[in-house]
Amino acid sequence: MEYFVIVIGSIFVSNIVLAQFLGICPFVGVSGKLSTSIGMGGAVLFVMTLATIVTWVLQYYLLTPFGLGFMQTIVFILIIAALVQMVEIILKKVSPPLYQALGVFLPLITTNCAVLGVAILTIQKEFSLMEGVVFAISNAIGFTLALVLFAGIREHLDLMEVPKGMRGVPIALLVAGILALAFMGFTGMV
Amino acid sequence: MAKKESSFVNMVLTLFLVAAIAALALGGVYTVTKEPIAIAKQKKLEAAIKSVLPDFDRIEEAKYLDPEGKDSLTFYYAYQGDNEVGAAVKTYTNKGFSGNVELMVGFLDDGTIYNTAVLSHKETPGLGDKMDIKKSDFSVQFKGKNPEDFKLKVKKDGGDVDAITAATISSRAFCDAVNRAYVTFEKDKGGAQ
Amino acid sequence: MNQVANFTKGFIKENPVFVLLLGLCPTLGVTSTAINGLGMGLATTFVLVMSNLVVSLIKNAIPDKVRIPSFIVIIASFVTIVELTMQAYTPALFEALGLFIPLIVVNCIVLGRAEAFASKQTVFSSVIDGLGMGLGFAFALTILGAVRELLGSGNIFGLELMKGDLMLVFVLAPGAFIALGYLIALMNKLAKS
Amino acid sequence: MTGRLKTFTLGGIHPEENKLSANAPIEVLPLPKQAIIPMGQNLGAPSKPIVSRGDFVKVGQLIAEAGGFISANIHAPVSGKVLKIDNVPDASGYKRPGIVINAEGDEWDENIDRSKDVKEEIELDSKEIIERIKEKGLVGMGGATFPTNVKLMPPPGKVAEYLLINGVECEPYLTSDHRLMLEKGKEILIGTSILMKALKVEKAIIGIENNKPDAINHMTELAKSYEGIEVQSLKVQYPQGGEKQLIKAVLNREVPSGKLPIEVGCVVQNVGTAYAVYEAVQKNKPLIERVVTVTGKAVRKPSNFMVRIGTPVRELIDAAEGLPESTGKIINGGPMMGKALTSLEVPVVKGSSGILLMQENESRRKPENSCIRCSKCTYVCPMGLEPFLLAKAAKLGRFDLAENELVMDCIECGSCQYTCPASIPLLDYLRLGKTMVGTIIRNRKKK
Amino acid sequence: MLTVSGSPHIHGDESTKKIMYGVVYAMIPAMLVSVYYFGLDALRVLLLASVAAIFFEWLIQKYLIKGPVTIMDGSALVTGILLAFNVPSNLPSWMVIVGALVAIGMAKMSFGGLGKNIFNPALVARVFLLISFPVQMTSWPKPQAIINGLTDAITGPTPLGIVKEGLDAGKTMSEITPELPTYMQSLLGQMGGSMGEVSAIALILGGLYMLIRKIITWHIPVSMLLTVVVFSGILWGIDPEHYADPVFHLLTGGMLLGAIFMATDMVTSPMTRGGQLLFGFGVGLLTILIRIWGAYPEGVSFAILLMNAVVPLINRGFKPRRFGIKPGVEIKTS
């Protein structure tokens with residue numbers, strides 16, 4: 001049941017993009033096309049889960065025991081940067097097709113605050129490792145959901161001749177705002 | 001100075017140096033700020049306790065299981081000299097409109113609520129957040145009431161509490177948190193004596 | 001290089017939020033009030049100036065291949081310094097900004113300026129650039145915060161300007177997107193004329 | 001007959017039928033003083049003149065040869081002197097190469113059998129029939145003007161199973177096929193038999209919409225004496241006259257996207273074509289005249305005329321008692337797919353099935369509004385396309401999208417535009433999309 | 001002078017204007033009921049919302065977009081009336097105007113105007129108001145027939161609100177039911193709620209009219225309501241003491257208003273029948289999810305907005321059946 005709460009909570013109730021404002025840059029930047037949105041979502045799922053596991057282990061077996069809690073930010077961001085590099089190298093060797101699909105998005109993820117954000121939140125919320133993994137996966141799904149919905153809408157808007165002043169980022173933010181309004185319907189579900 | 005070459009030794013050395021300097025600098029800042037951070041935290045807690053209890057000069061901390069036996073609540077017994085002036089209970093509810101609500105509730109010895117304070121909540125601004133004394137007088141009605149004869153339920157549910165307009169859920173959550181504190185407080189009183 | 005232009009470009013012409021569309025996460029996340037926006041903006045400015053300074057100082061000592069990791073370490077250090085300092089001396093603001101303080105480290109503006117500007121320019125230019133960009137960021141966040149605060153609760157910087165029921169939605173997540181969307185549209189329009 | 005009438009299943013509309021001239025028997029129109037004969041009367045390459053200025057030609061004499069594999073011969077519709085070989089106005093509104101003949105008398109080529117007798121017996125074999133049809137310049141008379149002989153030669157590996165004769169005449173107003181069936185039913189059936197022989201098929205079905213009960217009864221009665229030919233009555237629905245829709249309606253077979261009817265074993269010919277085949281094969285008569293409906297709400301005498309090719313439209317209109325004052329638009333063909341004419345001097349060609357005079361108030365398009373995404377265009381599209389999307393793609397130059405969304409499948413029936421509540425000129429955009437995507441595809445193939 | 005234009009040369013007699021005014025006519029019964037039960041206040045909100053919607057459309061078209069002014073096409077009027085239908089009759093006037101501005105300015109004209117918006121304008125406005133002014137948007141005047149005189153309205157909760165409150169407080173359905181309006185009252189409109197949602201009969205009348213006029217098709221309403229009945233029916237079957245019965249769900253909380261007038265909005269619903277069925281299913285499912293497990297007692301508006309966002313994806317997935325292409329065969333992409 002706890003896991004259920006985490007899943008529904010992360011995907012719908014407090015969606016990482018629409019309620020927590022994390023990962024907005026790729027949300028605005030990448031979500032122009034459906035195919036790239038799915039690719040980005042996949043890459044984020046991969047890195048976010050991995051990063052959460054590694055940072056969790058580091059936090060509880062290194063930082064906390066040695067009183068180095070204040071090093072959290074610096075350690076986590078380095079871990080994520082290194083992870084992205086590693087994932088890129090490994091993926092290239094092990095699964096070229098997957099690398100082809102996700103490769104271009106990997107460098108972007110280092111500066112995707114959703115990854116660092118989820119890693120830190122996992123610690124802040126005092127999740128167990130397993131809960132953290134579920135939390136990371138759910139948030140990645142929530143991120144992908146928002147991204148994919150958004151990509152569909154923006155591909156549609158490409159054909160709609162939006163007024164000049166609103167074209168591009170303003171209308172994207174407006175859509176995000178209305179989407180966030182709609183997502184408020186999930187309030188109180190968990 | 002010419003640009004350094006990207007030789008392996010150079011790279012490792014640079015990274016190591018940068019990291020070491022950073023770690024040192026951070027360590028320094030950490031040492032300097034450690035004290036103020038602890039004080040800030042303590043101040044916040046004390047402020048909360050102060051707002052729900054009469055004057056005191058000393059606090060003792062204890063933890064007790066709530067009646068459901070799931071979570072322990074933190075009690076802060078306050079003393080003025082040797083006299084116990086009351087207990088502040090850090091309590092919570094998960095029945096909030098959008099998540100947990102944390103309260104501090106101060107009880108006098110006989111179980112009368114001296115005052116309440118909201119520690120954290122995620123209730124809707126303009127609605128549920130009126131449980132905060134800064135936003136509305138909702139919480140004033142609990143002052144000086146003894147739950148023995150003041151039913152900690154909203155009127156709609158047959159209690160004595162006037163709910164916040166259009167925010168029954170938040171009001172109910174508030175009552176639930178206070179009630180949890182009260183029940184634990186009562187149980188503990190019996191147990192301790 | 002004209003340092004005046006270097007300084008002012010961040011406000012309108014190359015405003016990191018309205019024009020370059022960088023750092024949107026904190027922009028949306030912390031601007032429920034003007035003071036939060038300003039606080040976040042100043043915290044970011046500090047990190048920007050300091051990291052620009054350090055990066056431009058040591059740019060020649062860093063081999064190209066480890067440039068980015070080194071920059072990240074430098075930036076993260078300053079972020080942590082800000083984090084600790086705020087926790088110690090402005091605990092309320094620290095709590096309001098929450099997660100977004102450590103997240104300054106992944107704010108594209110900071111790494112972007114270090115990489116695109118400070119690693120190529122003189123120390124002085126870099127500091128001015130960081131200051132201009134940072135204050136431009138703070139300016140944008142404060143405006144957005146003020147707009148949201150005014151529409152959402154009738155206040156600006158906590159000062160009550162309007163009474164009565166206001167549009168709570170602007171304090172909440174949807175209002176952040178909507179207000180920023182229209183602000184950018186407005187800025188586009190102003191920039192053109 | 002029980003159950004629902006057959007029709008095609010996807011999309012379709014039912015505009016007001018307005019068959020004003022349905023009861024007007026075919027009249028033979030007097031010869032024109034001058035016949036204007038454009039060289040581009042068929043789908044494919046234009047024909048090449050083989051006569052010179054000043055030559056005297058007899059009716060039925062070959063005056064232009066097919067200009068390629070998909071092209072057709074043209075014969076003199078009148079006798080007289082070739083006045084000039086020059087650019088002449090045609091239905092497109094442009095001036096294109098053509099031959100102008102000054103009519104003198106009515107002297108026919110000797111090989112043509114001008115007797116009124118109906119000749120039943122088919123003497124030629126398959127190959128000879130096709131050769132004869134080719135020689136006599138036959139093209140599809142329904143409006144598409146695809147050279148008939150080409151359709152009769154299935155590509156290697158493909159076998160025809162059914163011959164469908166299109167007597168649907170789904171366009172509002174037009175009645176030329178209807179009258180032809182009533183008055184020349186026997187000839188049509190013989191023509192059908194000839195086509196069956198040419199195609200070596202056992203079965204032929206004549207599809208007629210049930211707003212022409214007299215034609216259905218008449219043809220059914222006559223068809224009894226012809227083996228393998230049956231008449232199928234169909235529910236009225238536009239565009240049932242489209243080849244693919246007719247095949248779907250009659251046989252419930254679906255021609256795959258981008259393919260020809262022969263893919264599902266069918267060849268479709270118009271009733272007018274079947275009549276022309278009869279005349280060409282049995283009477284040795286080239287395609288020099290055809291039935292043309294002259295109609296319109298303000299036309300005093302809506303009529304059906306047997307007209308020589310090359311007769312200027314003005315003479316047809318005069319024969320229908322003149323051009324009404326209120327005329328705003330003159331259409332060569334039906335109201336759904338016909339072309340608006342720029343001048344009355346445009347001649348009747350092989351594909352002209354009707355001249356429709358629309359009144360001023362009917363001829364203006366309503367102002368275009370915003371698409372409200374009602375998707376009515378999608379529901380009526382007989383090809384299952386999304387016209388609103390294709391039109392948008394074409395308008396914004398997104399031809400990749402238009403191609404992926406199958407713009408090339410559009411049959412230009414106009415149902416979408418007819419239905420659109422926002423009066424968007426969808427078909428204009430679709431045509432643009434088709435042209436551009438067609439060019440893109442050709443360029444791609446070249447590479 | 002001859003007119004020359006491409007084919008086709010004739011046009012059917014449908015027009016945007018006819019469709020829009022058709023919707024307006026369909027709303028007349030519900031308008032009458034709202035005035036009957038909520039009195040002059042209802043009239044005030046109706047007029048204000050309509051006039052404000054048309055005014056903002058004019059203002060924006062003329063001075064911001066600087067394009068043709070099309071306020072007479074009826075679409076702004078429809079939005080205005082629907083907005084009025086979605087708020088309580090005692091909503092302060094300035095909030096009604098804010099709602100109209102949000103509906104027209106934000107949800108419609110920012111996207112370019114009629115036909116270009118993603119989300120149903122009236123619903124965006126409703127949710128915007130609901131979140132912004134929770135108190136005013138959730139105090140519902142009790143309906144009292146206008147013939148009983150124009151006394152000040154007493155406010156009370158909606159039936160859904162009563163159920164939600166009751167169940168949250170640990171009551172069972174059989175304890176709550178006496179507080180609820182009877183089915184007959186719900187059919188006629190004698191219950192608390194938004195102006196346009198109270199009378200099932202009036203809404204159904206309007207729906208039938210639009211079906212006959214072919215302004216809407218049955219697909220979205222039927223699949224939406226069927227989903228609601230089946231889903232809430234299953235829950236009710238399992239535990240009738242803790243879940244309201246399906247008929248109750250159907251008749252309350254704007255379910256019919258949403259199904260007939262909002263979810264069927266052409267602009268913001270899918271283009272193909274298959275897509276519409278899925279859309280209706282999604283709306284129905286989300287509505288019940290939100291009603292039962294969410295914090296808001298009423299879920300239709302959120303559900304429709306959420307599904308509005310999915311429409312572009314549905315439109316990609318549900319293409320019409322193409323002639324000559326076997327279903328399921330991949331369309332070649334270049």
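Just so it is clear: chains get the letters A, B, ... in the order the sequence lines come, proteins before strands, and each one is counted from 1.
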Which atoms of [X] come close to chain A, meaning under 4.5 Å heavy atom to heavy atom: side chain ones, backbone ones, both, or neither?
| X | value |
| --- | --- |
| E/I304 | neither |
| E/M109 | backbone |
| E/F119 | side chain |
| E/I290 | both |

Which atoms of [X] come close to chain E, meaning under 4.5 Å heavy atom to heavy atom: side chain ones, backbone ones, both, or neither?
| X | value |
| --- | --- |
| A/M184 | both |
| A/L174 | side chain |
| A/I171 | side chain |
| A/L159 | neither |

**Message:** Please determine whether a side-chain nitrogen of the Lys or Arg among E/E298 and E/R126 lies less than 4.0 Å from a carboxylate oxygen of the Asp or Glu.
**Reply:**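 Salt bridge: yes.
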Spatial distance of atom [atom1] ([X]) from atom [atom2] ([Y]) [nearest 0.5 Å]:
| X | Y | atom1 | atom2 | result |
| --- | --- | --- | --- | --- |
| E/F128 | E/M95 | CZ | CE | 11.5 Å |
| E/L278 | E/T227 | CG | OG1 | 9.5 Å |
| E/N308 | E/F279 | CG | CZ | 5.0 Å |

**Prompt:** Out of A/I178, A/V162, A/L149, which one racks up the most heavy-atom pairs below 4.5 Å with chain E?
**Reply:** A/I178
**Request:** Assign the ring pair E/W58 / E/Y63 to parallel, tilted or perpendicular, where the plane angle (0 to 90°) is split at 30° and 60°.
**Result:**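 Correct class here is perpendicular.
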**Request:** For the residue pair A/F186 and A/F12, categorise the inter-ring angle as parallel (less than 30°), tilted (30 to 60°) or perpendicular (more than 60°).
**Result:** tilted
**Item:** Option passing side chain to side chain contact (heavy atoms under 4.5 Å, CB included) with E/V163 (candidates E/I292, E/I176, E/T252)
**Value:**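 One option only clears the test, and that one is E/I176.
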**Top contributor to chain A contacts, counting heavy-atom pairs under 4.5 Å, from E/S110, E/A107, E/G112** = E/S110
**Item:** chain A interface, residue from E/L123, E/I65, E/I131 that has the most non-hydrogen pairs under 4.5 Å
**Value:** E/I131
**Message:** Side chains of E/S223 and E/Q276: any donor to acceptor distance under 3.5 Å?
**Reply:** no
